[in-house]
Undergrad: 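After the structure tokens below, expect a handful of questions from me.
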Number of protein chains: 2
Amino acid sequence: MPQQPEIIEFDHPCPIRDVLDRIGDQWSVLILLTLQPGTKRFNELMREIGDISKQMLSRTLKHLEQDGFITRTVYPEVPPRVEYDLTELGHSFLEPMQAMVDWADTHHRTIAEARRRYRVI
Amino acid sequence: MPQQPEIIEFDHPCPIRDVLDRIGDQWSVLILLTLQPGTKRFNELMREIGDISKQMLSRTLKHLEQDGFITRTVYPEVPPRVEYDLTELGHSFLEPMQAMVDWADTHHRTIAEARRRYRVI
DNA sequence: GAGACCTGGTCTACTAATTAGACCCAAGCA
DNA sequence: TGCTTGGGTCTAATTAGTAGACCAGGTCTC
């Protein structure tokens with residue numbers, strides 16, 4: 001039995017939930033951040049992210065394409081070449097995301113310390 | 001066999017990954033957003049979020065507490081009362097997060113449309 | 001008294017999501 | 001001939017998440 005096309009319906013009444021349900025998974029944001037500097041191929045993404053499985057990368061890329069965050073371009077060569085790129089929407093998403101990244105950069109020390117303290121108690 | 005205290009080690013070399021690994025799950029951000037207006041009790045959070053299981057709520061709250069995003073206050077009454085609150089760190093996190101929420105608000109229409117278009121192709 | 005009820009969880013048994021790794025395709029190279 | 005290469009898909013095994021039963025121990029009703 002071949003795999004279904006797997007189109008998932010997302011229509012949470014709350015728009016933040018609707019977006020968060022898709023983008024708020026383990027990998028989406030990470031992939032978008034990895035694509036920020038520019039075009040990447042499938043295996044480049046695999047290598048740079050490091051601990052994602054092929055299936056999840058493939059599936060998440062498909063979702064991101066479906067939602068209009070990235071484009072997927074296939075070059076009919078052998079071996080095949082497939083390039084992923086941020087769309088304008090994808091880039092615009094990374095603007096507020098950058099604020100989060102900066103926040104993480106600033107506060108990860110505080111968080112790490114909180115974790116350590118919690119362990120001690 | 002009683003449940004272990006479950007202290008998870010998080011020390012990804014990349015600080016963004018380190019923070020994202022914890023905060024970037026299904027529920028953390030949602031819980032923090034729900035706590036934004038002020039103190040909430042366990043069952044209030046359950047009701048407001050709606051589709052989270054007790055176990056995940058309990059576990060995620062524990063993680064957020066461990067990382068210093070929220071405080072947990074137990075009042076020794078019967079029936080018990082437990083209140084959750086954002087810390088200063090939690091509030092500071094919601095500042096960049098607010099930019100994301102605004103972004104989602106602005107763009108969810110575009111995304112919904114992209115999904116629909118993808119289905120048609 | 002004997003129950004029933006309250007909250008904030010935990011425990012267990014089941015189900016859904018994720019992973020690792022084998023496998024596929026066809027051109028080019030040794 | 002047969003190995004390599006890139007971008008995946010498929011299957012089996014592991015892991016994460018869910019629903020719902022259960023617990024504690026004061027208070028309220030019968």
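Chain identifiers are assigned alphabetically (A, B, ...) following the order of the sequence lines, protein sequences preceding nucleic acid strands; residue numbering begins at 1 within each chain. Only heavy atoms go into these numbers, but all of them, side chains included; no hydrogens, no water, no symmetry mates. Remember, it's a predicted structure, so these values are computed and weren't measured experimentally.
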Undergrad: Evaluate side chain to side chain donor-acceptor pair (under 3.5 Å) for A/Asp85 paired with A/Thr71, printing each intermediate quantity in order.
TA: CA-CA 5 Å; A/Asp85 264 300; A/Thr71 56; 4.6 Å; no
Undergrad: Ignoring the backbone of A/Pro79, work out which of C/dG8, D/dG6, D/dG8 is nearest its side chain.
TA: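 In terms of side-chain proximity for A/Pro79, the closest of C/dG8, D/dG6, D/dG8 is D/dG6.
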Undergrad: From the set D/dG17, C/dG8, D/dG7, return the single nucleotide nearest to any side-chain atom of B/Arg59.
TA: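 Of the candidates, D/dG17 comes closest.
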Undergrad: Would you indicate which nucleotide in C/dG8, D/dT11, D/dT9 comes nearest to any side-chain atom of A/Gln55?
TA: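 Nearest nucleotide to the side chain: D/dT11.
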Undergrad: With respect to the side chain of B/Arg41, which nucleotide from D/dG6, C/dT7, D/dG8 is positioned closest?
TA: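 Of all the options, the side chain of B/Arg41 is nearest to C/dT7.
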Undergrad: Roughly, in whole Å, what's the span from NZ in A/Lys62 to P in D/dG8?
TA: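 The answer, rounded to whole Å, is 8 Å.
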Undergrad: For A/Val78 and for B/Pro80, locate the closest nucleotide of DNA chain C by heavy-atom distance; then report the residue assigned to the nucleotide nearer the 5' terminus.
TA: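 Its nucleotide being nearer the 5' end, the pick is B/Pro80.
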Undergrad: Rounded to the Å, how far apart are B/Ile52 CD1 and C/dG8 C1'?
TA: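 Between C1' of C/dG8 and CD1 of B/Ile52: 14 Å.
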Undergrad: Enter the distance from A/Asp25:CG to B/Asp25:CG here, rounded to the nearest 0.5 Å.
TA: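 Reported to 0.5 Å precision, the distance equals 10.5 Å.
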Undergrad: Could you tell me whether B/Tyr84 contacts a base, only the sugar-phosphate backbone, or nothing, with contacts defined as non-hydrogen atoms closer than 4.0 Å?
TA: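 Sugar-phosphate only.
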Undergrad: Rounded to whole angstrom units, what separation is found between the CZ atom of B/Arg81 and the C1' atom of C/dG9?
TA: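 Distance, rounded to whole Å: 17 Å.
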Undergrad: Measure the spacing between NZ of B/Lys62 and OH of A/Tyr118 and express it to the nearest 0.5 Å.
TA: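 If we round to the nearest 0.5 Å, B/Lys62:NZ and A/Tyr118:OH are 6.5 Å apart.
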Undergrad: Treating A/Arg22 as the side-chain partner and A/His63 as the backbone partner, does any N or O pair qualify as donor plus acceptor under 3.5 Å?
TA: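 A pair under 3.5 Å: yes.
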Undergrad: Can you tell me the distance, in whole Å, between the CD1 atom of A/Ile49 and the C1' atom of C/dT19?
TA: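 Going from A/Ile49 (CD1) to C/dT19 (C1'), I get 15 Å.
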Undergrad: Find which nucleotide of DNA chain D each of B/Gln26 and A/Val82 is nearest to by heavy atoms, and output the residue with the more 5' nucleotide.
TA: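 Per heavy-atom nearest nucleotide, the more 5' residue is A/Val82.
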Undergrad: Measuring from the side chain of A/Met56 (C-beta onward, heavy atoms only), which nucleotide among D/dG8, C/dT18, C/dT10 has the closest atom?
TA: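 The closest nucleotide is C/dT18.
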Undergrad: Distance check needed: C/dG8 C1' versus B/Ile31 CD1, whole Å only.
TA: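 Those two atoms, CD1 and C1', are 15 Å apart.
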Undergrad: If every non-hydrogen atom of A/His91 is compared with every non-hydrogen atom of A/Gln36, which pair is closest and at what distance?
TA: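 Of all heavy-atom pairs spanning A/His91 and A/Gln36, the closest is CE1-O, 4.1 Å.
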Undergrad: Kindly say if B/Ser58 contacts the phosphate of C/dG8, meaning a side-chain N or O under 4.0 Å from OP1 or OP2.
TA: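 Negative; the distance criterion is not met.
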Undergrad: Round to a whole Å and report the spacing from CG of B/Leu57 to P of C/dT7.
TA: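 Computing the B/Leu57:CG to C/dT7:P distance gives 15 Å.
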Undergrad: To the nearest angstrom, how far is B/Glu44 atom CD from C/dC6 atom P?
TA: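 Result: 16 Å.
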Undergrad: Once you round it to whole Å, what is the distance between C1' of C/dG8 and CG of B/Leu61?
TA: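 Taking atom C1' of C/dG8 as the reference, CG of B/Leu61 is at 11 Å.
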